Amino acid sequence: MSATMAAALRGSLVTLVKGLGGPRWQQLASRPLSVSAGLCAPEAPPARADATFKVTMVPGDGVGPELMTAVKDVFKAGDVPVEFEEFHLSEVQNMASEEKLEQVLTSMKNNRVAIKGKIHTPMEFKGELASYEMRLRRKLDLFANVVHVNSLPGYNTRHNNLDLVIIREQTEGEYSSLEHESVSGVIECLKIITREKSRRIAKFAFDYATKKGRNKVTAVHKANIMKLGDGLFLQSCAEVAELYPKIKYENIIIDNCCMQLVQNPYQFDVLVMPNLYGNIIDNLAAGLVGGAGVVPGESYSAEYAVFETGARHPFAQAVGRNIANPTAMLLSAANMLRHLNLEYHSNMVSDAVKRVIKQGKVRTGDLGGYATSDEFTRAVIANLAV
């Protein structure tokens, strides 16, 4: 090989390595090359990333702070390269203000990834219709909420081996915060459905199905009654479906969907729906596999990702009693690590959680056991290196 060709080859390799990005290509480069490694033994875990990822943490209300403590303990034990910027935002504990909201938003915009608990919304009207939870979603444009309802191996329910995904549009619909008293004793509450956001969430659902190798998308609606609003949502989904001929498309009325989920949930794959229906179906489906304590969730915009529990409940009656189930939050944290391309650490956390549940020796009360939150967390930590 001539000197000119060798120099050109070295230049190409340097360009390729730089193109792979910092921490990721360093992980790949640090792995030992062995002809027999792939045949005889599992691949060695990648070296710890040189960079530490900053993530915004909002513990929220109820048992949220306790669940976040479990996440921090597991991450510390697993040497996970994540640094949390923690903010306490609460409407019921006098820890909410415009200044704090802006601090949280600034952190989320800088870090682009967050993990949060449920920020409880008081039912009393105090002059502001939009809750802090809703304002966070709108300011970050977190339009897509994704809840993967998946049965946990070793924990039997009425329907086992479930695997379905609920995708919810969460920036408009019934949660538009547009209410007024037109005349005394008459309240008008506006439901907003737009073609732009309906098409956007439909495209997200079909793109998700395509990327994840799923076969069917079902639009959930009430267009037989709300002919214009839900009619527009249904029309938008049908138009987008035509662009994905390899994905089967169906639609179902919301009330029938609830019944079918209870009777035969296996018929569903990916479901896409407006805001209120998604909130209801998230909780119904979570109940099929063990409840709010075991189902993770996440919300996406074009730029940001927020990881949280799939069924959003503050579980206020369990505060301070050390009985909350950390499973959902830990699985959400594992999904967050996967989003950060920390695949090894993600699998380490999620596998440890699922191993503890499958063993059946340490379970919290909601799963029929007697373990405390701390005992469950310690059991997960003990299984990290197994």
Side-chain angles (χ1 to χ4, degrees), residues 49 51-90 95-96 100-101 103-120 132-137 139-142 144-148 168 170 282 286 292-301 303-315 324-350 352-353 373 376-377 380-381 384:
T52 297
F53 293 89
K54 284 192 174 183
V55 171
T56 304
M57 173 181 280
V58 183
D61 293 308
V63 296
E66 298 173 46
L67 300 180
M68 291 304 180
T69 298
V71 170
K72 289 184 285 188
D73 289 347
V74 170
F75 275 29
K76 182 179 179 180
D79 199 26
V80 178
V82 167
E83 177 185 333
F84 292 114
E85 291 182 358
E86 192 167 341
F87 297 88
H88 292 275
L89 186 66
S90 170
M95 290 191 293
K100 285 199 172 184
L101 180 63
Q103 290 174 352
V104 172
L105 286 169
T106 299
S107 176
M108 286 182 170
K109 289 176 180 178
N110 290 337
N111 298 330
R112 297 181 180 273
V113 177
I115 184 168
K116 63 178 282 296
K118 167 66 177 173
I119 302 174
H120 182 61
Y132 278 80
E133 185 95 58
M134 292 164 62
R135 290 164 71 185
L136 275 175
R137 291 179 206 162
K139 287 181 179 291
L140 297 175
D141 194 27
L142 296 168
N145 176 244
V146 180
V147 174
H148 185 185
R168 163 192 177 193
Q170 60 176 7
D282 282 347
V294 300
V295 178
E298 52 228 53
S299 295
Y300 295 101
S301 72
E303 298 180 74
Y304 312 113
V306 176
F307 295 83
E308 54 201 333
T309 55
R312 299 164 180 164
H313 293 288
F315 200 16
N325 189 345
T327 299
M329 193 63 79
L330 288 172
L331 293 177
S332 296
N335 291 340
M336 179 190 74
L337 295 177
R338 185 168 291 109
H339 178 77
L340 293 170
N341 289 323
L342 294 171
E343 199 76 28
Y344 165 70
H345 296 91
S346 171
N347 292 333
M348 176 181 66
V349 173
S350 61
V353 172
S373 306
F376 185 89
T377 302
V380 170
I381 290 172
L384 287 176

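If you read the sequence from its start, that first residue is 1, and numbering goes on from there. Note that the structure is a prediction, hence the values are computed from the model and not measured.
Applying the side chain to side chain contact (heavy atoms under 4.5 Å, CB included) criterion to Pro59, with sequence neighbours excluded, gives Met57, Pro65, Met68, Glu86, His88. Remark: His148 engages Asp163, Arg214 in a side chain to side chain donor-acceptor pair (under 3.5 Å) (not counting sequence neighbours). Considering only residues two or more places apart in sequence or on other chains, Arg112 meets the salt bridge (charged side-chain N to carboxylate O under 4.0 Å, His left out) condition with Glu303. The side chain to side chain donor-acceptor pair (under 3.5 Å) test applied to Glu308 returns Lys116, Ser299, Arg312, not counting sequence neighbours. The side chain to side chain contact (heavy atoms under 4.5 Å, CB included) test applied to Ser107 returns Thr56, Glu85, Phe87, Asn111, not counting sequence neighbours. Every residue meeting the ring-ring contact (aromatic ring centres under 6.0 Å, His included) condition with Phe307, not counting sequence neighbours, appears here in chain and number order: His339.
No side-chain heavy atom of Val113 sits less than 4.5 Å from a side-chain heavy atom of Lys54. In this structure the side chain of Val71 reaches within 4.5 angstrom of the side chain of Leu330, judged on heavy atoms. Contact annotation: the side chain of Leu342 approaches that of Phe53 to within less than 4.5 Å [non-hydrogen atoms, C-beta and beyond]. Counting only heavy atoms from C-beta outward, the side chains of Leu337 and Phe75 approach each other to under 4.5 Å. Using a 4.5 Å heavy-atom threshold, the side chains of Met348 and Val80 count as touching.
No donor-acceptor pair closer than 3.5 Å links the side chain of Ser373 to the backbone N or O of Asn325. At least one donor-acceptor pair closer than 3.5 Å links the side chain of Asn145 to the backbone N or O of Glu298. Remark: side-chain polar atoms of Ser332 are paired, donor with acceptor, to backbone N or O of Ala328 under 3.5 angstrom. Side-chain atoms of Ser301 come within 3.5 Å of backbone N or O of Leu140 as a donor-acceptor pair. A distance-only check finds a donor-acceptor pair linking the side chain of Glu133 to the backbone of Ile119 [under 3.5 Å].
Taken from CE in Met329 to CD1 in Ile115, the straight-line distance is 5.5 Å, to the nearest 0.5 Å. Met336 CE to His345 NE2: the interatomic distance, rounded to the nearest 0.5 Å, is 11.5 Å. In this structure, the separation between OG1 on Thr52 and CZ on Phe84 is 11.5 Å, given to the nearest 0.5 Å.
Shortest non-hydrogen contact noted between Ala352 and Val380 is CB-O, 3.6 Å. Shortest non-hydrogen contact noted between Val74 and Thr377 is CG2-CG2, 3.9 Å. Shortest non-hydrogen contact noted between Ala114 and Val55 is CA-CG1, 3.9 Å. In plain terms, the two heavy atoms of Gly293 and Thr327 that are nearest each other are O-CB, 3.3 Å.
Partner of Leu136 under the side-chain contact (heavy atoms from CB on, under 4.5 Å) criterion, out of Val58, Leu142, Val104, Val306: Val104 alone.
The environment of Lys139 atom NZ is sparse: at most 12 non-hydrogen atoms of other residues, nucleotides or ligands sit within 6.0 angstrom.
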